[in-house]
Number of protein chains: 2
Amino acid sequence: MLEEGYAAVTSRRLAGKAGLKPQLVHYYFRTMDDLFLAVYRRRAEENLERNARALASAQSLRELWLLGSDPRGAVFTVEFVALANHRKAIRKDIARHARHFRKMQLDAVARLLRRLGISNDTCPPVVAVLAMIGLSQVLLLENALGITTGHDKTVAFVKRYLGQLDDRMRSSPGFGILAPRR
Amino acid sequence: MLEEGYAAVTSRRLAGKAGLKPQLVHYYFRTMDDLFLAVYRRRAEENLERNARALASAQSLRELWLLGSDPRGAVFTVEFVALANHRKAIRKDIARHARHFRKMQLDAVARLLRRLGISNDTCPPVVAVLAMIGLSQVLLLENALGITTGHDKTVAFVKRYLGQLDDRMRSSPGFGILAPRR
DNA sequence: GTCTATATAATGATAGAC
DNA sequence: GTCTATCATTATATAGAC
């Protein structure tokens, strides 16, 4: 799926990779949609856990950025969004997970910005979250196409910026209460 | 393609919509890949023209933002990136166009930030461009999935922010030389 | 330019033997 | 749980009549 797109995932090729017969795919998952959903759910759960760990760390913002910059993640997302574009059952699942995910990030970033004294007027938490996600996704998408103009510069800028915020965060009064230094 | 994904675009369905026989698709385009490329090229050219007009306007940033916020554009991009993910000929074409497009945006935004007195340390042009693209893409993608939490707030924030920059730009000395007020 | 006819190959899915 | 056998469907693409 990551290498050749979801359309390349067929019961036959899949079984071939497992050294088994195509019919077993249907035995285990019934339909191909069920298979795709199973893949998505497993990955979604892993993703939630990794995110929770990142948010609890002493460098939340940098960790969040790194998570969003996993190349497999971006291709995975594109493929499933494309898949969701014409399979109702899959779209529903993705939407539900994405909402859960978003809420979690949003709560954490809002708490963080408040503690840093960054007001809603300066930058609403939701803008910060969406900008971070958007930026990392665009970088990954372009990379997949072989376009990298200015990417290094952008990554360096973002990391420096987020690192400074994380530093201010760690040295803010009462930091240890919420997220103890490791 | 926009409604059901690229996999749903078959010679049969296409011919059906045109009230013709599937074989005519091959008569005109030979292969389905050639067809997809023709669609992409037409759209890409329109896109370049619209962008050039936006960059020449008196509210470049807002116009750029609006262009990036066209819902059809985002779905179109996702579908073609997914398509490019497993068709070499198509990937090459997308990459070439994207590079051209990026250079155009980058030159214009760089000139604009310089004129506004925003230094490279404050915000490198490429970061501004990628952040704008990323943010609008994420909004559109989520929208397509039915997720809209905080979107209104984000759009309002961005428009207000870009509007202020455009205002400063218009009132900067010598503005009329580069982009005459309409 | 548009059609009929056809070659060829892949797909998802089920039934039933072992 | 894994296999063989099989079906119905769909796809891309070409050849040739008109």
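Letters go in sequence order (proteins before strands), and every chain restarts at 1. From a predicted model like this one, the values you see are computed outputs, not experimental measurements. No hydrogens, no waters, no symmetry mates; every other heavy atom, side chains included, goes into these values.
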- Query: With sequence neighbours excluded, what pairs up with B:Y6 under the ring pair (Phe, Tyr, Trp, His ring centres under 6.0 Å) test?
  - Reply: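 Testing B:Y6 for ring pair (Phe, Tyr, Trp, His ring centres under 6.0 Å), a comparison that skips the adjacent residues, returns A:Y6, B:H86.
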- Item | Pair listing, salt bridge (charged side-chain N to carboxylate O under 4.0 Å, His left out) test, anchored in residues 64-77 of chain A, at least two apart |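 Qualifying pairs, neighbours excluded: A:R43-A:D70, A:D70-A:R72.
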- Taking only residues two or more places apart in sequence or in another chain, which ones pass side chain to side chain donor-acceptor pair (under 3.5 Å) with A:R87?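 Checked A:R87 against side chain to side chain donor-acceptor pair (under 3.5 Å); matches are A:D33.
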Atom-to-atom span, [atom1] of [X] to [atom2] of [N] - whole angstrom:
X: B:L14; N: D:dA13; atom1: CG; atom2: P; answer: 13 Å
X: B:L24; N: C:dT4; atom1: CG; atom2: P; answer: 10 Å
X: A:L20; N: D:dT4; atom1: CG; atom2: C1'; answer: 15 Å

- Please collect all ring-ring contact (aromatic ring centres under 6.0 Å, His included) contacts where either partner lies in residues 89-123 of chain A, sequence neighbours excluded, each pair once.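 Only A:Y40-A:H97, A:H97-A:F101 qualify under ring-ring contact (aromatic ring centres under 6.0 Å, His included).
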- Item | Sequence neighbours excluded, every pair satisfying ring-ring contact (aromatic ring centres under 6.0 Å, His included) that has a member inside residues 129-159 of chain A |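 For residues 129-159 of chain A, and leaving out neighbouring residues, there are no ring-ring contact (aromatic ring centres under 6.0 Å, His included) pairs at all.
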- Item | Letter per nucleotide, 5' to 3', of nucleotides 11-18 of chain C [B base touched, S only sugar-phosphate touched, - untouched; heavy atoms, 4.0 Å] | BBBB----
